[in-house]
Amino acid sequence: MEQNIALIDKLEAESCLSREEWIALIEGRSPSGAEYLFQKARKWQQHFFGSRIYTRGLIEFTNYCKNDCYYCGIRRSNPQAQRYRLTKEEILECCQIGYGLGFRTFVLQGGEDGRFSQKELEDLVYAIKSRYADCAVTLSIGERSYESYLGLFRAGADRYLLRHETADSNHYRSLHPPELSLEKRKQCLYWLKEIGYQTGTGFMVGSPGQTAAHLAEDMMFIRKLEPQMVGIGPFVPHHGTPFAGEPGGTVELTLFLIGLLRLMLPNLLLPATTALGTIDPEGREKGILAGANVVMPNLSPTSVRKKYELYDNKICTGDEAAECWACLNRRMEKIGYELAVSRGDFESIPHPEEKPPG
Ligand code: SAM
Ligand code: FES
């Protein structure tokens, strides 16, 4: 216990730990150590963001994917997935509804769907940015070439989410088919940063075969990359994938890692994810109280929500966008926070010299 507290203090003071220290901290965690961590994490969260929770409207615009990730419900070899693509008009309609509700960031997420050409994607980004000049556009459409990322950035995209999934190459190979590699994934992340995107990475907690040593690699990779956003959520099995019978990740470990990420990179944009809300009815509230500061309600049309089934029992698949906003706002207010009507950009603030008050 004392060792855990000492490591938490060290992480806060120095923003990094050695591999051995990360492993000891993760393996030696306890409920009281976690509470100590969350208090510190909330202090930093309040220092940078107050009680304001940033919102991102998630538009899941295609569930076609050329990839075959073993964990993912929309992988190409799941014949049960009912495939769909939204048209440009349908996507713009989602943005219109979202804008009216208070969203100032739209996240376009999808499988790697070759049917959308580079030009169509650039036109789409440009159309959203011209209609909603005060909004940010985030893309989450997987691995692409440097030129493609650059073209989308020039068309107006502000941010890009691409989870590295695991920073251990053997573990990466056990989660993905041979044509996908950790090296390529990392290369894409460095390109995105170089081009100037606010860049997000992340990983699933409790993915099959994951150990504390793998998580230590994840934390060290994130420290080195210094992304502006990190999305982590529990692995949740999907019945139509090779990992159908594997155990899912836990709320407890996910929250602990959220707290650690907040201490390591205190001004990070850190979502309380839908996957966390799926395995615990109060998962998103717990995520905020562990240090997260972003929520990503679903803005996709209700007619397709169920079809973007990455994992079983995904929440919010039946609600209208307005209901999602209102429901999350109530949930946040209950724990002393509020949803912000703001782009919620990453603001670079000197660290670690600047200490939170108190
Ligand atoms: N195709 C894009 C990409 O590869 O980044 C974006 C879509 S992909 C479905 C978004 C994220 O969903 C992945 O990075 C992965 O971490 C997460 N995901 C997929 N299957 C999951 C599962 N069974 N449980 C939890 N998260 C999952
Ligand atoms: Fe492509 Fe999951 S396998 S989005």
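Note that ligands are numbered from 1 as they come in the structure, with each ligand's atoms numbered from 1 the same way.
At the shortest separation from atom 1 (Fe) of ligand 2 among protein heavy atoms lies Cys65 SG, 2.2 Å. Atom 20 (N) of ligand 1 has its closest protein heavy atom at Tyr71 CD1, 3.4 Å. Of all protein heavy atoms, the one closest to atom 25 (C) of ligand 1 is Pro234 O, 3.4 Å. The nearest protein atom to atom 22 (C) of ligand 1, hydrogens excluded, is given as Val236 O, 3.5 Å; this is a heavy-atom distance.
Every atom of ligand 1 with a heavy atom of Ser140 under 4.0 Å away is listed here by number and element: 2 (C), 6 (C).
Using a cut-off of 2.8 Å, one finds that Cys72 contributes an N/O/S atom close to atom 2 (Fe) of ligand 2.
Residue Glu112 places no N or O, backbone or side chain, under 3.5 Å from any N or O of ligand 1. When only interatomic distances are considered, the shortest N/O to N/O separation between Arg163 and ligand 1 falls below 3.5 Å.
With ring centers used as reference points, Phe203 lies 6.0 Å or more from His214. Ring centroid separation for the pair Trp325 and Phe103 comes in under the 6.0 Å cut-off.
The nearest non-hydrogen atom to atom 1 (N) of ligand 1, considering only Ala275, Gly248, Gly110, Gly142, comes from Gly110. Between atom 27 (C) of ligand 1 and the options Lys314, Met204, Glu309, Glu246, the minimum heavy-atom separation is to Met204. Considering only non-hydrogen atoms, atom 5 (O) of ligand 1 lies nearest to Arg185 out of Lys66, Glu143, Gln109, Arg185.
The presence of a protein heavy atom under 4.0 Å from atom 8 (S) of ligand 1 is ruled out. Within a 4.0 Å radius of atom 11 (C) of ligand 1, the protein contributes no heavy atom.
Residue contacts with ligand 1: Tyr308 is included, with a non-hydrogen atom under 4.0 Å away.
Leu261 and Phe256 fall within a single hydrophobic cluster, where Ile, Leu, Val, Met, Phe, Trp and Tyr side chains are chained together by heavy-atom contacts under 4.5 Å.
Side-chain contact, Asn298 with Arg305: a donor N or O sits under 3.5 Å from an acceptor N or O.
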